[in-house]
A.B. asks: 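The structure is given below, and queries will be raised subsequently.
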Amino acid sequence: MQVVGGSAAGFYAAAQIARGGKRVRVLESMCELQPAPRTLIVTNHFRSQLGASANDCVLNEIRRFELFTDGRSAQVALAKPDLIIERARLIPSLAREAQQAGARISFDTRFLSLSPNARGLRLEVESGGRQEELHAASVVGADGASSRVARAAGWPAIETVPLVQAIVRLPKDCPPDTTRVWFVPDDTPYFYWLIPESHERGALGIIGEDRRETARCLAAFLEKRGMEPLEWQGARIPVYRRWVPVKRKIGKGNVYLVGDAAGQVKVSTIGGIVTGFRGAQAVAQSILRKGRGGELLALRRELSTHWLLRRTMHHFQQRDYSRLVDLLNASTRETLSEITRDESTRLLWNVLRRQPQLVLLGLRGLLLGRSGSKRSF
């Protein structure tokens with residue numbers, strides 16, 4: 001079994017497969033494991049996925065959200081705290097777990113191509129500057145949104161959007177256990193965020209559609225609030241539009257995709273750690289049990305619900321966000337507190353049950369998208 005890409009989902013899948021008794025090798029193009037730092041926010045579900053090892057990469061806990069738009073604001077307390085994690089800590093921790101489970105890691109090994117052979121698959125790789133040929137019954141592509149494995153196996157390319165964030169000194173009026181979110185539709189159909197990673201520092205960022213315009217908007221947002229960037233972080237994030245089948249048959253071999261390579265990202269918030277782990281777990285179960293488990297169906301429903309939410313809100317105008325904040329009554333905020341965004345279907349129906357007027361707002365958002373908005377989704 002070959003796993004291509006030392007990503008979070010890749011190492012998670014490798015550990016699960018190795019624990020199931022199969023020989024696993026992770027092919028990583030870097031000469032050593034030095035992932036680019038990026039401050040991330042995940043739900044508490046992350047702890048149930050990783051167990052005690054989750055503590056190795058948790059920087060801070062978030063106990064409330066503050067939402068802002070057009071002079072309005074709303075606050076949502078969390079029954080279970082969100083977690084601020086550091087990607088540069090997470091991936092080495094997952095790599096250690098994979099190795100402890102029995103997986104091997106081959107650094108300085110770049111995937112080039114794959115093709116069928118008599119028994120399974122033949123991989124061409126470049127290792128230490130020399131081309132080599134490897135053989136495997138199955139290959140797992142965990143090499144990101146621009147996955148070379150996916151292209152080699154015939155999957156279509158996945159659309160991505162730019163994420164840009166700056167590490168800043170935490171403003172004195174921002175509690176270190178509070179995440180702030182600003183909806184500014186003139187700048188982005190997504191949102192700005194400020195997530196504290198400590199009492200002193202936080203990550204202020206934005207998701208956009210055009211890289212240069214997104215960076216310009218963030219710079220203007222920082223200047224308006226008198227913040228200076230201490231360092232910059234960025235990435236291209238997959239945009240989930242439809243379910244990507246995670247398995248393809250190539251000759252007698254099987255090719256699987258996990259994480260960003262399969263677009264397993266919550267498109268409502270552009271978060272992919274928890275859903276990427278779920279995809280990796282599902283693929284591991286499929287490999288070990290030689291079949292299709294229920295986790296893939298559950299993940300598909302989850303990602304589809306987030307797609308519906310994004311499609312609804314993607315064309316919101318300022319007055320729609322103002323209306324949204326106004327409609328967050330005590331009952332609705334209680335639901336948002338108790339049910340995490342990694343339980344989106346349950347969350348959505350409970351919110352709509354407690355605040356039916358949100359149905360009309362959602363329909364308006366869908367109609368805006370069909371009536372000639374320049375932003376497509």
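What you see is a predicted model, and the numbers here were worked out from it, not measured in a lab.
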A.B. asks: Ignoring hydrogens, what is the shortest heavy-atom contact between Gly6 and Leu33? Give both atom names and the distance.
C.D. replies: O-CD1, 4.5 Å
A.B. asks: So Lys252 and Asn117, do their side chains get closer than 4.5 Å, heavy atoms only?
C.D. replies: no
A.B. asks: Would you say that more than 12 heavy atoms from the other residues, nucleotides or ligands in this model lie under 6.0 Å from the CZ of Arg104, or not?
C.D. replies: no
A.B. asks: Would you say the side-chain atoms of Arg278 pair up with the backbone N or O of Glu295, donor to acceptor, closer than 3.5 Å?
C.D. replies: no
A.B. asks: In this structure, would Ile158 and Trp243 fall into the same cluster of hydrophobic residues linked by side-chain contacts under 4.5 Å?
C.D. replies: no
A.B. asks: Using a cut-off of 6.0 Å, state whether more than 12 heavy atoms not belonging to Trp349 lie near its atom CH2.
C.D. replies: no
A.B. asks: Determine, using the 4.5 Å side-chain heavy-atom cutoff (strictly less than), whether Met30 and Val4 are members of one ILVMFWY cluster.
C.D. replies: no
A.B. asks: State whether the side chain of Gln317 and the backbone N or O of Arg319 hold a donor-acceptor pair below 3.5 Å, judged by distance alone.
C.D. replies: no
A.B. asks: Group every Ile, Leu, Val, Met, Phe, Trp and Tyr by side-chain heavy-atom contacts under 4.5 Å, then state whether Leu296 and Val255 land in the same group.
C.D. replies: no
A.B. asks: So, do Asp82 and Phe65 sit near enough that their side-chain heavy atoms are less than 4.5 Å apart?
C.D. replies: yes
A.B. asks: If I compare all heavy atoms of Val258 with all of Ala280, which pair ends up nearest, and what's the gap?
C.D. replies: CG1-CA, 3.8 Å
A.B. asks: Taking the side chain as every heavy atom from C-beta outward, state whether Glu209 and His314 have any pair of such atoms under 4.5 Å apart.
C.D. replies: yes
A.B. asks: Output yes when a side-chain donor or acceptor of Ser7 lies under 3.5 Å from a complementary backbone atom of Ala142, and no otherwise.
C.D. replies: yes
A.B. asks: Side-chain contact, heavy-atom cut-off 4.5 Å: Leu218 with Trp232?
C.D. replies: yes
A.B. asks: From Ser127 OG over to Phe111 CZ, what is the distance, rounded to the nearest 0.5 angstrom?
C.D. replies: 14.5 Å
A.B. asks: Within the distance-only criterion (no hydrogens, no angle test), does the side chain of Ser337 pair as donor or acceptor with the backbone N or O of Ala77 below 3.5 angstrom?
C.D. replies: yes
A.B. asks: Less than 4.5 Å apart, side chain to side chain, heavy atoms only: is that true for Cys174 and Leu194?
C.D. replies: yes
A.B. asks: Classify the side-chain pair Thr275/Gln264 by whether it contains a donor and acceptor separated by less than 3.5 Å.
C.D. replies: no
A.B. asks: If you count every heavy atom of other residues, nucleotides or ligands that lies below 6.0 Å from His199 atom NE2, does the total exceed 12?
C.D. replies: no
A.B. asks: Shortest non-hydrogen contact from Leu257 to Val283?
C.D. replies: O-CG2, 3.8 Å
A.B. asks: Atom OG of Ser198 and atom CG of Leu170: how far apart are they, to the nearest 0.5 Å?
C.D. replies: 7.0 Å
A.B. asks: How long is the gap from OG1 on Thr340 to CG on Leu347, to the nearest 0.5 Å?
C.D. replies: 7.5 Å
A.B. asks: Are side-chain N/O atoms of Ser115 and Arg122 paired as donor and acceptor at under 3.5 Å?
C.D. replies: yes
A.B. asks: Would you say the side chains of Thr69 and Gln318 form a donor-acceptor pair under 3.5 Å?
C.D. replies: yes
A.B. asks: Is a donor from one side chain sitting under 3.5 angstrom from an acceptor on the other, for Ser53 and Ser93?
C.D. replies: no
A.B. asks: For Ile62 and Pro196, work out which heavy atoms get closest and say how close.
C.D. replies: CD1-CD, 3.8 Å
A.B. asks: Closest approach of Trp155 and Val246, non-hydrogen atoms and distance?
C.D. replies: CZ2-C, 3.9 Å
A.B. asks: Taking all atoms of both residues into account, what is the closest heavy-atom pair of Ser286 and Tyr256, and its distance?
C.D. replies: OG-CE2, 4.1 Å
A.B. asks: Can you tell me if Thr178 uses its side chain to pair, donor with acceptor, with the backbone of Pro176 under 3.5 Å?
C.D. replies: no
A.B. asks: Tell me whether Lys224 at atom NZ has more than 12 heavy atoms from other residues, nucleotides or ligands lying less than 6.0 Å away.
C.D. replies: no
A.B. asks: Check the pair Ile250 / Val139 against side-chain contact (heavy atoms from CB on, under 4.5 Å), numbers first and verdict last.
C.D. replies: CA-CA 10 Å; Ile250 304 293; Val139 173; over 6 Å; no
A.B. asks: Would you call Glu231 and Arg201 a salt bridge, taking side-chain N to carboxylate O under 4.0 Å as the test?
C.D. replies: yes
A.B. asks: Answer yes or no: is there an ion pair linking Arg64 with Glu66, defined by an N-O contact shorter than 4.0 Å?
C.D. replies: no
A.B. asks: Could you go step by step and tell me if Cys31 and Phe107 meet the side-chain contact (heavy atoms from CB on, under 4.5 Å) rule?
C.D. replies: CA-CA 5 Å; Cys31 294; Phe107 292 102; 5.7 Å; no
A.B. asks: Out of curiosity, Ile84 CD1 to Ile195 CD1, how far, rounded to the nearest 0.5 Å?
C.D. replies: 4.5 Å
A.B. asks: Any carboxylate oxygen within less than 4.0 angstrom of a Lys/Arg side-chain nitrogen, looking at Arg236 and Asp260?
C.D. replies: no
A.B. asks: So does Ala15 get a backbone contact from the side chain of Tyr12, meaning a donor-acceptor N/O pair under 3.5 Å?
C.D. replies: no
A.B. asks: Is the closest basic N to carboxylate O distance between Asp210 and Arg216 below 4.0 Å?
C.D. replies: no
A.B. asks: Looking only at atom types and distance, does a side-chain atom of Gln355 sit under 3.5 Å from a main-chain N or O of Leu327, one as donor and one as acceptor?
C.D. replies: yes
A.B. asks: Indicate the ring-plane relationship of Phe191 and Phe183, choosing parallel, tilted or perpendicular according to the 30° and 60° boundaries.
C.D. replies: perpendicular
A.B. asks: Looking at Glu302 and Ser344, would you say the former's side chain and the latter's main chain have a donor-acceptor pair under 3.5 Å?
C.D. replies: yes
A.B. asks: Answer yes or no: does atom CZ of Arg225 have more than 12 heavy-atom neighbours from other residues, nucleotides or ligands under 6.0 Å?
C.D. replies: yes
A.B. asks: So, Thr43 and Arg341: side-chain donor and acceptor under 3.5 Å apart, yes or no?
C.D. replies: no
A.B. asks: Is the closest side-chain heavy-atom distance between Asn44 and Leu83 below 4.5 Å?
C.D. replies: yes
A.B. asks: Would you kindly say whether Gln165 and Arg38 are connected by a side-chain donor-acceptor distance under 3.5 Å?
C.D. replies: no
A.B. asks: Whether the side chain of Asp177 engages the backbone of Arg63 through a donor-acceptor N/O pair (distance < 3.5 Å, no angle test) should be reported.
C.D. replies: no
A.B. asks: Give the cluster check for Leu308 versus Leu299: same hydrophobic cluster or not, with ILVMFWY residues linked at side-chain heavy-atom distances below 4.5 Å.
C.D. replies: yes
A.B. asks: Does a sphere of radius 6.0 Å around CD in Glu228 hold more than 12 heavy atoms from other residues, nucleotides or ligands, not counting ones at 6.0 Å or beyond?
C.D. replies: no
A.B. asks: Verify the ring-centre separation between Phe221 and Tyr192: is it less than 6.0 angstrom?
C.D. replies: yes
A.B. asks: Stepwise, does the side-chain contact (heavy atoms from CB on, under 4.5 Å) test hold for Val184 with Ile206?
C.D. replies: CA-CA 10 Å; Val184 187; Ile206 179 179; over 6 Å; no
A.B. asks: For the atom pair NZ (Lys266) and CZ (Arg310), what is the distance rounded to the nearest 0.5 Å?
C.D. replies: 13.0 Å
A.B. asks: Go through the steps for Val3 and Arg25 under the test side-chain contact (heavy atoms from CB on, under 4.5 Å), then give the verdict.
C.D. replies: CA-CA 6 Å; Val3 176; Arg25 181 181 181 188; over 6 Å; no
A.B. asks: Where the side chain of Arg151 meets the backbone of Ser146, is there a donor-acceptor pair that is under 3.5 Å apart?
C.D. replies: yes
A.B. asks: Verify the neighbour count for atom CZ of Arg47: are there more than 12 heavy atoms of other residues, nucleotides or ligands below 6.0 Å?
C.D. replies: yes
A.B. asks: Do Val125 and Ile105 belong together in a cluster built from hydrophobic side chains that touch within less than 4.5 Å?
C.D. replies: no
A.B. asks: Say whether Thr335 and Asn350, considering side chains only, have a donor N or O and an acceptor N or O under 3.5 Å apart.
C.D. replies: no
A.B. asks: Between NE2 of His135 and CZ of Arg119, what distance do you get to the nearest 0.5 Å?
C.D. replies: 10.5 Å
A.B. asks: By the definition side chain to side chain contact (heavy atoms under 4.5 Å, CB included), identify the one residue from Leu94, Asn55, Ile273 that meets it with Leu50.
C.D. replies: Leu94
A.B. asks: What I want to check is whether the side chains of Glu197 and Thr39 have a donor and an acceptor closer together than 3.5 Å.
C.D. replies: yes
